[in-house]
K.L.:
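Structure incoming, see below.
Computed from a predicted structure; not experimentally measured.
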Amino acid sequence: MAEKKRVSVEAKTPKSKPGKGGRPSGSAPSGQTWEASPEAKSTALKLRIVAGVLWVVAIALEVFTIVWALVPDKEFDTARIWTVIGLIIGIGVITLIGSFLWKKANKLDPASEKDTFRFFVQNQLGVIMTVLAFLPLIVLILMDKNLDGKQKGILGGIAAVVAIAVGIASADFDPPSVEKYTGDQNIITLLHNGDPDATVYWTKSGSVYHVCDTVPAVNKESSDNTIYDGTIDAAQEAGKERLTKQWKSEARTCGFTEEDIIRVEQGLAANPSTLVDPEEAAQQTGEGEQSTPARESEPAPVG
């Protein structure tokens with residue numbers, strides 16, 4: 001395999017001011033949590049607007065199908081049945097695209113688990129919209145007097161199958177949260193002895209960021225054969241919303257010791273939902289004395 005190219009990436013809008021959960025670069029005031037960067041929030045807002053428009057279109061198609069095909073006292077010929085089937089599929093596709101965009105936005109700017117209602121609604125809104133886009137339609141199909149039993153079975157069955165498929169695909173079974181992202185930030189900060197802006201690594205085709213550039217995950221052959229590096233802000237702006245769940249095994253591969261991993265776990269236990277204080281994290285390893293892996297040199301930025 002050809003040698004991997006290297007590209008260093010800077011966050012477009014790194015967090016620089018403390019806010020309701022934000023932090024200035026290089027510090028983490030007590031009690032604060034991870035917060036999405038302005039760039040991530042802006043992108044998430046655009047995605048949510050597009051998703052909302054698509055959901056409105058899907059519901060409008062549902063209303064059109066009900067008003068045009070089901071409410072009028074007309075017989076259902078083959079052409080009308082196929083038209084309704086096409087509309088049902090169209091509603092499903094549009095609803096699903098909206099759900100995918102909404103879930104992508106949630107990864108960029110997640111809700112907090114502390115607000116249970118908002119957390120549930122924000123992460124499962126695609127399922128809720130699927131119910132709104134299909135349940136009235138299915139009920140009216142089954143109640144339509146112009147449809148015989150066979151026609152009701154065909155249209156109702158197709159609508160139910162599409163609704164279930166779209167609902168399952170729209171559901172988020174492992175939703176992102178502020179607390180999860182706070183934990184990821186803390187792991188990197190603690191591994192690098194108090195540096196919240198330590199370098200992380202990712203690839204274009206991957207969905208997560210990694211501890212160092214020697215792990216197998218970033219050295220697999222990829223479409224652009226490139227390893228990207230930057231801060232967590234830069235990784236998340238590139239669509240790599242979280243740290244790999246295999247961070248412990250990666251830390252060992254990167255040269256960190258078992259003592260380092262234990263220190264990180266202790267820090268996570270002491271800060272279950274807030275950002276660690278970089279100064280305190282540094283003091284845990286001898287007033288900031290680095291316990292970094294053997295590989296210390298960084299490649300020159302490319303491009």
K.L.:
Is it the case that the side chain of Arg242 and the backbone of Lys180 share a donor-acceptor pair, with hydrogens and angles ignored and the cut-off at 3.5 Å?
P.N.:
no
K.L.:
Is the backbone N or O of Pro38 less than 3.5 Å from a side-chain atom of Ser42, with the two atoms forming a donor-acceptor pair by type?
P.N.:
no
K.L.:
Do Ile188 and Pro196 come within less than 4.5 Å of each other through their side chains, counting heavy atoms only?
P.N.:
no
K.L.:
Can you tell me if NZ on Lys152 sees more than 12 non-hydrogen neighbours from other groups inside 6.0 Å?
P.N.:
yes
K.L.:
Give a yes or no on whether Glu10 atom CD has more than 12 heavy-atom contacts from other residues, nucleotides or ligands under 6.0 Å away.
P.N.:
no
K.L.:
List the steps, then state whether salt bridge (Lys or Arg N to Asp or Glu O under 4.0 Å) holds for Lys41 with Glu35.
P.N.:
CA-CA 9 Å; Lys41 287 185 175 182; Glu35 184 181 26; 2.8 Å; yes
K.L.:
On a heavy-atom basis, which atom in Gly167 and which in Val127 lie closest, and how many Å separate them?
P.N.:
O-CG2, 3.5 Å
K.L.:
Please determine whether the number of non-hydrogen atoms from other residues, nucleotides or ligands lying under 6.0 Å from atom NZ of Lys107 exceeds 12.
P.N.:
no
K.L.:
Regarding Ser207 and Glu241, is there a side-chain donor-to-acceptor distance under 3.5 Å anywhere?
P.N.:
no
K.L.:
Determine the sole option in Leu87, Thr83, Ile89 for which the side-chain contact (heavy atoms from CB on, under 4.5 Å) test with Ile85 is passed.
P.N.:
Ile89
K.L.:
Which heavy-atom pair separates Arg80 from Ala69 by the least distance, and what is that distance?
P.N.:
NH1-CA, 3.7 Å
K.L.:
Between Tyr228 and Ile232, is there a shared hydrophobic cluster once you connect ILVMFWY residues whose side-chain heavy atoms come closer than 4.5 Å?
P.N.:
yes
K.L.:
Do Ser8 and Asp229 pass the side chain to side chain donor-acceptor pair (under 3.5 Å) test, and can you show the C-alpha distance, the side-chain angles, and the key distance before you say yes or no?
P.N.:
CA-CA 5 Å; Ser8 293; Asp229 64 69; 3.0 Å; yes
K.L.:
Quick one: pull up CG in Leu125 and CZ in Arg118 and give me the separation to the nearest 0.5 Å.
P.N.:
12.0 Å
K.L.:
Any heavy-atom pair between the side chains of Leu108 and Gln236 that's under 4.5 Å?
P.N.:
no
K.L.:
Please assess Ile154 against Gln151 for the test side-chain contact (heavy atoms from CB on, under 4.5 Å), listing each intermediate value before the final yes or no.
P.N.:
CA-CA 5 Å; Ile154 293 173; Gln151 291 170 330; 5.8 Å; no
K.L.:
Could you tell me if the side chain of Glu62 sits less than 4.5 Å from the side chain of Pro136, heavy atoms only?
P.N.:
yes
K.L.:
Rounded to the nearest 0.5 Å, what's the gap from CD1 on Ile187 to NE2 on His192? Could you check?
P.N.:
11.0 Å
K.L.:
Assess the residue pair Val276 and Gln185 against the criterion (side-chain contact (heavy atoms from CB on, under 4.5 Å)); give the C-alpha distance rounded to whole Å, side-chain angles, the decisive distance to 0.1 Å, and a yes or no.
P.N.:
CA-CA 9 Å; Val276 299; Gln185 176 76 67; over 6 Å; no
K.L.:
Just by distance, do the side chain of Asn123 and the backbone of Asp172 share a donor-acceptor pair under 3.5 Å?
P.N.:
no
K.L.:
For the CD atom of Gln266 and the CG atom of Leu190, what is their distance to the nearest 0.5 Å?
P.N.:
10.0 Å
K.L.:
Report yes or no: does Asn225 contribute a side-chain atom to a donor-acceptor pair with the main-chain N or O of Lys5 at less than 3.5 Å?
P.N.:
no
K.L.:
For Ser37 and Asp233, does a side-chain donor sit closer than 3.5 Å to a side-chain acceptor?
P.N.:
no
K.L.:
Classify the angle between the aromatic ring planes of Trp55 and Trp102 as parallel (below 30°), tilted (30 to 60°) or perpendicular (above 60°).
P.N.:
tilted
K.L.:
Give a yes/no verdict on a cation-pi contact between Arg252 and Trp247, requiring under 6.0 Å between NZ or CZ and the six-membered ring centre and an angle within 45° of the axis.
P.N.:
no
K.L.:
Once you round to the nearest 0.5 Å, how far does OH of Tyr181 lie from CG of Leu275?
P.N.:
14.5 Å
K.L.:
Does this structure show an ion pair linking Arg48 with Asp109, if we count only N-O contacts that are shorter than 4.0 Å?
P.N.:
yes
K.L.:
I'd like to know if Val93 and Val84 are part of one continuous hydrophobic network [Ile/Leu/Val/Met/Phe/Trp/Tyr, side-chain heavy atoms within less than 4.5 Å].
P.N.:
yes
K.L.:
So does Phe256 get a backbone contact from the side chain of Asp260, meaning a donor-acceptor N/O pair under 3.5 Å?
P.N.:
no
K.L.:
Using atom types as modelled and distance alone, determine if a side-chain donor or acceptor of Thr226 lies under 3.5 Å from a backbone N or O of Asp224.
P.N.:
yes
K.L.:
Drop me the distance from Tyr201's OH to Asn219's CG, to the nearest 0.5 angstrom.
P.N.:
11.5 Å
K.L.:
Please determine whether side-chain contact (heavy atoms from CB on, under 4.5 Å) holds for the pair Leu70 and Ile141, giving the CA-CA distance in whole Å, both sets of side-chain angles, and the decisive distance to 0.1 Å.
P.N.:
CA-CA 7 Å; Leu70 300 179; Ile141 286 175; 3.8 Å; yes
K.L.:
In Å and rounded to the nearest 0.5 Å, what is the CG to CD1 distance from Leu54 to Ile59?
P.N.:
11.5 Å
K.L.:
What do the steps show when you test Leu243 against Val208 for side-chain contact (heavy atoms from CB on, under 4.5 Å), and what is the final call?
P.N.:
CA-CA 6 Å; Leu243 176 65; Val208 298; over 6 Å; no
K.L.:
For the pair Lys245 and Asp184, evaluate salt bridge (Lys or Arg N to Asp or Glu O under 4.0 Å) and give the outcome as yes or no after the intermediate values.
P.N.:
CA-CA 9 Å; Lys245 294 181 179 180; Asp184 290 344; over 6 Å; no
K.L.:
Does Ile138 reach the side chain of Leu155, with side-chain heavy atoms less than 4.5 Å apart?
P.N.:
no
K.L.:
Going hydrophobic residue to hydrophobic residue with side-chain gaps under 4.5 angstrom, can you get from Val131 over to Ile94?
P.N.:
no
K.L.:
Are Phe134 and Ile88 packed together at the side-chain level, in the sense that at least one heavy-atom pair is separated by less than 4.5 angstrom?
P.N.:
yes
K.L.:
Is there a donor-acceptor contact under 3.5 Å from the side chain of Thr182 to the main chain of Thr274?
P.N.:
no
K.L.:
Could you check whether any side-chain heavy atom of Arg263 comes within less than 4.5 Å of a side-chain heavy atom of Asn193, counting everything from C-beta outward?
P.N.:
yes
K.L.:
Decide whether Glu179 and Ser273 meet the rule of one side-chain donor and one side-chain acceptor closer than 3.5 Å.
P.N.:
no
K.L.:
For the backbone of Gln122 and the side chain of Asn106, can you confirm whether one donor and one acceptor N or O come within less than 3.5 Å of each other?
P.N.:
yes
K.L.:
Between Trp68 and Leu142, is there shared hydrophobic-cluster membership here, with clusters defined by ILVMFWY side-chain heavy atoms closer than 4.5 Å?
P.N.:
yes
K.L.:
Give a yes or no answer on whether the side chain of Asp213 reaches the backbone of Val218 with a donor-acceptor pair at less than 3.5 Å.
P.N.:
no
K.L.:
Is Lys248 reaching over with its side chain to a backbone N or O of Glu258, donor-acceptor style, under 3.5 angstrom?
P.N.:
no
